[in-house]
Amino acid sequence: MSTPLPWGDTQLPWTIGKVKHLGSVTLGKMLQAKDTGQDVLAPYMRAANVQPDGVLALDDVKNMWFSPSELDDLTLRQGDVVVVEGGQGGFGRAAYVGEDLDGWGFQNSINRVRSKTGKDGRFLAYYLIALRATGYLRRYCNVVSMPHLTAEKLAAIPLPLPSSPEQRAIADHLDRETAEIDRLIAALERFIGRLQERRQAVVEHELAEVVPAAPGTRLKHLVRSVRQGWSPQCLPWPADGVETWAVLKAGAANRGVFRPEENKELPEDLEPRPSTVVRRGDLLVSRANTRDLVGSAAVVSGDYPRLMLSDKLYALALDESKAVPRYVAHLMASRRVRDLIEMAASGASSSMLNISRDDIVNLPMNVPDLAEQHLILKHLDEETAEIDNLITKTQRHIELVRERRRALITAAVTGQIDISEEA
């Protein structure tokens, strides 16, 4: 029988229903910062804890006040599925709760789906992961500015309804297969990490013997101007920054590589700020990031007339009669300068540190004359080309493996593969 699923008409032997047929949907509690008299301070799940691909990240936990009855109603138990309700980048992300989280509640950025007796929450979580990857949820929520997957909308999402034994068999199959894929991805990421360490060692060795043209030089002596951007409420998807206005994220300058795709599209109802547009040759520096990434620098390598800085990025225009931007980016990534950056960075949370403009521009810069900078860059390009090529190939392999993971989940939850023999 033809079925109204987001993948189009699919021949399935299963009944077609809605999320509400698998479980009850409950929205969490609005953030409460103060005790009203008899409240309990308890950890709570929020949107940031629900990561892509069904990952629950519970190492960064916050607390808020709940009344005893609220905490009783908003429990999180093994078998629950948590779904991000709103937010620019995360709405619709889903994850399975694999163990009881005693004493926890959840915020109103989260919808909890509590499975009905005999239903398997893992099947639902996998289905929602596959559904989000198709772009269906974006269309379903009719996103204009701030997206919301309300409890009512979530409950009404169409889905196939295999029998309870089939749900368990599908979930077991996907648990095994995705675990194997995730181990492969982790191994590839470790390999990239070793390649990056090797690359950095090459750079460190090349810079170690440099004799500065002007001893005591600091970054401010090489800079013509410093700009900072803004962070409006943007749409959750990237734009090209050429035909469509967008705002860069802090990740656009991570680890010395400029990533123009790390941006969010500016809504049409917001006026762009052309003064914050990045320029070819700008040295971008991450103002706010994790400890190992705060102060990361990268050079803008193209022309993006509608790509704007966020307030988490500085753009330094260098005096190129004194310094080559790429050379300074290498210096910014050197261990000596990184140690100074990490000592200067501050913040209340270890997961997000800040560094001031003054601390950045006062960093020491061992810069030789221009001719020597160009020679060193030429030699570094020759020495690191093979490593960079291998990193690129490995990253592409990871992308293909992730695509395979998504395709596997989609095929399993829509009945396109037969796992009856495994069951």
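At a cut-off of 3.5 Å, with distance as the only test, a side-chain donor of Glu166 or Ser163 sits close to an acceptor on the other residue. In this structure, a donor-acceptor pair under 3.5 Å is absent between the side chains of Ser69 and Asp72. Side chains of Glu85 and Asn108: a donor-acceptor N/O pair is absent below 3.5 angstrom, by distance only. A side-chain donor-acceptor contact under 3.5 Å links Arg287 and Asn354. Side-chain contact, Asn289 with Lys312: no donor N or O sits under 3.5 Å from an acceptor N or O. No donor-acceptor contact under 3.5 angstrom links the side chains of Tyr96 and Asp120, judged on distance only. In summary, the side chains of Asn389 and Thr392 do not present any donor paired with an acceptor at a separation below 3.5 Å, with no hydrogens or angles considered. In this structure, a donor-acceptor pair under 3.5 Å is present between the side chains of Asp292 and Thr290. Side-chain contact, Asp39 with Ser67: no donor N or O sits under 3.5 Å from an acceptor N or O. With no hydrogens or angles considered, no side-chain donor-acceptor pair links Arg405 and Thr410 at under 3.5 Å. A donor-acceptor contact closer than 3.5 angstrom links the side chains of Trp237 and Glu265. Gln200 and Glu204 are linked by a side-chain donor-acceptor pair at a separation below 3.5 angstrom, with hydrogens and angles left out of the test.
By the neighbour-count criterion of 12 heavy atoms within 6.0 Å, atom CZ of Arg357 is densely surrounded, having more than that number from other residues, nucleotides or ligands. Around the NE2 atom of His21, the shell of radius 6.0 Å holds more than 12 heavy atoms that belong to other residues, nucleotides or ligands. Residue Glu99 qualifies as open at atom CD: its count of foreign heavy atoms under 6.0 Å is 12 or below. For CZ of Arg218, the number of neighbouring non-hydrogen atoms (other residues, nucleotides, ligands) closer than 6.0 Å is greater than 12. Around the NZ atom of Lys116, the shell of radius 6.0 Å holds more than 12 heavy atoms that belong to other residues, nucleotides or ligands.
For the pair Asn111 and Thr26, the minimum side-chain heavy-atom distance is 4.5 Å or more. Counting heavy atoms from C-beta on, the side chains of Ile417 and Leu408 come closer than 4.5 Å. No side-chain heavy atom of Ile110 sits less than 4.5 Å from a side-chain heavy atom of Val83. Residues Ile181 and Val401 are in side-chain contact: their nearest non-hydrogen atoms beyond the backbone lie under 4.5 Å apart. In this structure, the side chains of Leu293 and Arg255 come closer than 4.5 Å at one or more pairs of heavy atoms. Side chains of Lys29 and Met64 form a contact here, defined as non-hydrogen atoms less than 4.5 Å apart. Between Ser310 and Trp230 there is no side-chain heavy-atom pair separated by less than 4.5 Å. Considering only heavy atoms from C-beta on, Met45 comes within 4.5 Å of Leu58 through its side chain.
In this structure, the separation between CZ on Arg406 and OG1 on Thr178 is 13.5 Å, given to the nearest 0.5 Å. To the nearest 0.5 Å, the span separating CZ on Phe106 from CG on Leu71 amounts to 10.5 Å. Separating the CD1 atom in Ile157 from the CG atom in Leu22 is a distance of 11.5 Å, to the nearest 0.5 Å. Atom CD of Gln32 and atom CD of Gln107 lie 12.0 Å apart (nearest 0.5 Å). The OH atom of Tyr127 sits 5.5 Å away from atom CG of Leu159, with the distance rounded to the nearest 0.5 Å. Separating the NE2 atom in His173 from the CG atom in Asp418 is a distance of 10.0 Å, to the nearest 0.5 Å.
In this structure a side-chain-to-backbone donor-acceptor pair under 3.5 Å is present from Asp80 to Arg77. Of the possible polar contacts, none joining the Tyr126 side chain to the Gly54 backbone as a donor-acceptor pair under 3.5 Å is found. Between the side chain of Ser164 and the backbone N or O of Gly118, at least one donor-acceptor pair lies under 3.5 Å. Side chain of Arg306 to main chain of Thr244: no donor-acceptor pair is present (N/O by atom type, distance under 3.5 Å, no hydrogens or angles). A donor-acceptor contact shorter than 3.5 Å links the side chain of Asn263 to the backbone of Pro260. For the pair Asp240 (side chain) and Val242 (backbone), a donor-acceptor distance under 3.5 Å is present. With hydrogens and angles disregarded, a donor-acceptor distance shorter than 3.5 Å links the side chain of Arg112 to the backbone of Thr75. With Arg291 contributing its side chain and Met352 its backbone, the two residues share no donor-acceptor pair below 3.5 Å. When atom types are taken as modelled, the side chain of Ser109 and the backbone of Ala47 share a donor-acceptor pair closer than 3.5 angstrom. Judged purely by atom type and a 3.5 angstrom limit, Asp282 has no side-chain atom pairing as donor or acceptor with the backbone of Val300.
When all heavy atoms are compared, the tightest approach of Ala297 to Leu283 is CB-CD1, 4.0 Å. When all heavy atoms of Arg338 and Met332 are compared, the closest pair comes out as CD-O, 3.6 Å. Here the shortest heavy-atom pairing between Ser231 and Asp311 reads OG-OD1, 2.7 Å. Considering every non-hydrogen atom in both Gln416 and Thr414, the closest pair reads NE2-OG1, 2.6 Å. Scanning both residues, Gly103 and Pro43, for their nearest heavy atoms gives O-CD, 3.6 Å. Leu222 approaches Ala323 most closely through the heavy-atom pair CD1-CB, 4.0 Å.
Contacts classified as salt bridge (charged side-chain N to carboxylate O under 4.0 Å, His left out) and involving residues 272-281 (residues at least two apart or in different chains) are given here: Arg280-Asp303.
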Tell me which donor-acceptor pairs under 3.5 Å the side chains of residues 183-190 have, and how far apart each pair is, sequence neighbours excluded?
from   : atom 1 : to     : atom 2 : distance (Å)
Arg183 : NH2    : Glu180 : OE1    : 2.6
Glu189 : OE2    : Arg402 : NH2    : 2.9

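The pair Arg168-Asp172 does not count as a salt bridge, with every side-chain nitrogen at least 4.0 angstrom from each carboxylate oxygen. Looking at Arg326 and Asp381, a side-chain N of the basic residue comes within less than 4.0 Å of a carboxylate O on the acidic one, giving a salt bridge.
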- [ ] Decide yes or no on salt bridge (Lys or Arg N to Asp or Glu O under 4.0 Å) for Arg396 and Glu399, but give the supporting numbers first.
- [x] CA-CA 5 Å; Arg396 178 55 184 156; Glu399 291 172 10; 3.0 Å; yes
Task: Test side chain to side chain contact (heavy atoms under 4.5 Å, CB included) applied to Val278 and Leu284, step by step - done: CA-CA 9 Å; Val278 297; Leu284 301 187; 4.2 Å; yes
TODO: Please lay out, stage by stage, how Thr36 and Trp65 fare under the test side chain to side chain contact (heavy atoms under 4.5 Å, CB included).
DONE: CA-CA 8 Å; Thr36 60; Trp65 296 98; over 6 Å; no
Task: Pair Ile192-Ile398, side chain to side chain contact (heavy atoms under 4.5 Å, CB included): steps then yes or no - done: CA-CA 10 Å; Ile192 287 177; Ile398 290 174; 3.7 Å; yes
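Among residues two or more places apart in sequence or in another chain, the salt bridge (Lys or Arg N to Asp or Glu O under 4.0 Å) test is passed with Asp73 by none.
With Gln78 as the fixed residue, the side chain to side chain contact (heavy atoms under 4.5 Å, CB included) test singles out one of Leu101, Asp100, Val97: Asp100.
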